[in-house]
Peer 1: 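The structure follows.
In what follows, every heavy atom counts, from backbone to side chain, and hydrogens, waters and symmetry copies are set aside. The model shown is predicted, which means the values in this text are computed figures rather than measured ones.
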Amino acid sequence: MSAIPSVPRSARTRSWWGWGYTDAHPDDAECAAMGALLPGTLARPLPIPRIADLPIARPVVTPPPSLAHLVTDDPRARAAHAMGKAYRDVIRALRARPGRIPDLVAHPTGDREVADLLDWAGEHDVAVIPFGGGSSVVGGVEYRGDAHRAVLSLDLTSMDRVLEIDTAGRSAHIQAGALGPVLEEQLRPHGLTLRHFPQSFEFSTLGGWLATRAGGHYATVRTHIDDFVQSLRVITPAGAGTSWRLPASGAGPSPDRLFLGSEGALGVITEAWMRLQERPCHKASASVSFTDFHRALDAVRAIAQSDLAPANCRLLDAGEALLSGASHDGSSVLVLGFESATGPVGDRLASAVDLARAHSGRVEMPPADRDASAGSAVSAWRSAFLRMPYLRDGLARMGAVVETFETAATWDKVPALIDAVRTEVGAAALKITGHPATINCRLTHVYPDGAAPYFTVAVAGRPGDEVEVWDDIKAVAGEILHRYRATITHHHAVGRDHRAGYDLQRPEPFALALRAAKDALDPYRILNPGVLLD
């Protein structure tokens, strides 16, 4: 086993109010050009928000001298930790309505400091919001209400080391505050990778992935971060605990499962042992076009129920394919990708392509065991995938309501569910705004027994009421998901925005056990109040 040196972070400036880096945001001209494509948007973009315009009050608490070096009341830091990166967060920042801004931001460097901060917060009625990269799109890192005297944002990104690598067991001991690129750079010299690449990879942390049960790179088999967890260390107001490192265990309910997806409401994940892989050197990609979306769904189901296990198996409907540049003729596009560290994958790709052809797919495929060339549908989709959140913020500046929601359902429900969302959410958006909406769908992850549809909704909002418009549309979407027994979230987590749907989805005996766990682990009710339960 070996210790790993730390890696410097990016020197680029993160946006405090929107997605990603400030130098990647669309300029005013690009915002206006995008707005012109959506009827009813503003004539000119809203100005970039200024921290000086926010209602930032003086902190109502002061940390003790023993913790003061960990804590800041800097207005920029507080503003950057007030919300996540959902559409409703972006538009609230643009309208200078951020909600309750934390009184303080803490940057602990180790477990002892986390425990001391929790002790102090419990004694002084201070709500603690665990914070990683701040990329939540479900209201998971903000405080709502006024039940606590003060709010502390607990930023774990100073705890970002890969502490140890077990090369024999192909696993690593990693601090939870490691951002995706920081984590991977420390693994790279060893030829190893976690290979968990959510869309927020650059701006989210290992602890955030664990606390939200994030979905990542793989469209089949190992789709969630859960699949890579070997053990967790968690600090709670009631004490600290570490699960054993084991390849598998049948010893009662899993302690790790209690904290995976707990979103900081039960404890603060500070370290984890994670299963790693060798870095893949064999890759192959192809895109398949379909004129009939339902035939494309059948093709994806056939591939998911085979033993081929593609790393990428993402189906874009015609609107999504057009938006990403993957297709311009009204076709749906299936993006397929295979990878391996041990041998060529061309034969597996060819078999998947044969299954797609059997369902009327038209194939664009580069030479065997090579990645897609520049300009192909696969390449266009990859570029658009990374750029999309920036474009969403540009449209938000034009007064548009642009946001996503995702779900998962069994195959017998997937086609009707997608049709219902397109029809009913479209009708609701038109009624609420008076403008036609664009509703696109893609499948992000697929399973033998079902799939995870991911929807994008874009419509001109009512100036000044954009948050209310989105909440109304989201409520309609939630009702449809509940009617089809589709999950309220496949990988975005519950946060505060999905609480109503989560309360309907979980069995009541489980809710009873969750409340008891909250009472036992967080007796002062300071940890991320309002997430998962009241």
Peer 1: Does Arg245 qualify as a cation-pi partner of Trp273, given the criterion of NZ or CZ under 6.0 Å from the six-membered ring centre and within 45 degrees of its axis?
Peer 2: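 Here Arg245 passes the 6.0 Å and 45° test against Trp273.
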
Peer 1: Any carboxylate oxygen within less than 4.0 angstrom of a Lys/Arg side-chain nitrogen, looking at Arg112 and Asp116?
Peer 2: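 Answer for the salt bridge query: yes.
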
Peer 1: Would Arg195 and Glu339 pass as an ion pair if we require N to O under 4.0 Å?
Peer 2: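 A salt bridge is present here (some side-chain N lies under 4.0 Å from a carboxylate O).
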
Peer 1: Between Arg12 and Tyr21, is NZ or CZ placed under 6.0 angstrom from the six-membered ring centre and within 45° of the ring axis?
Peer 2: yes

Peer 1: Taking the six-membered ring of Tyr218 (Phe, Tyr or Trp), confirm whether the NZ or CZ of Arg222 is under 6.0 Å from its centre and within 45° of its axis.
Peer 2: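 Positive - Arg222 is close enough to the ring of Tyr218 and near enough to its axis.
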
Peer 1: What I'd like to find out is whether the side chain of Pro529 reaches to under 4.5 Å of the side chain of Tyr143, using heavy atoms alone.
Peer 2: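 They are in side-chain contact.
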
Peer 1: Please check this pair: side chain of Arg92 against backbone of Arg88, looking for a donor-acceptor N/O pair closer than 3.5 Å.
Peer 2: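 The answer is yes, because a donor-acceptor pair under 3.5 Å joins these two groups.
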
Peer 1: Determine, for Asp111 against Arg233, whether the closest basic-nitrogen to carboxylate-oxygen distance falls under 4.0 angstrom.
Peer 2: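 Answer for the salt bridge query: yes.
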
Peer 1: So, Arg314 side chain and Leu443 main chain: donor-acceptor pair closer than 3.5 Å or not?
Peer 2: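 No; judged by distance alone, with no hydrogens or angles, the pair does not exist.
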
Peer 1: Determine whether the aromatic ring centres of residues His492 and Tyr454 are separated by less than 6.0 angstrom.
Peer 2: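 Yes, the ring centres sit under 6.0 Å apart.
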
Peer 1: Can you tell me how the ring of His445 sits relative to the ring of His490, calling it parallel under 30°, perpendicular over 60° and tilted otherwise?
Peer 2: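 Judged by the thresholds at 30° and 60°, the geometry between His445 and His490 is tilted.
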
Peer 1: I'd like to know if the side chain of Thr489 pairs up with that of Glu406 as donor and acceptor (distance under 3.5 Å, no hydrogens or angles considered).
Peer 2: yes

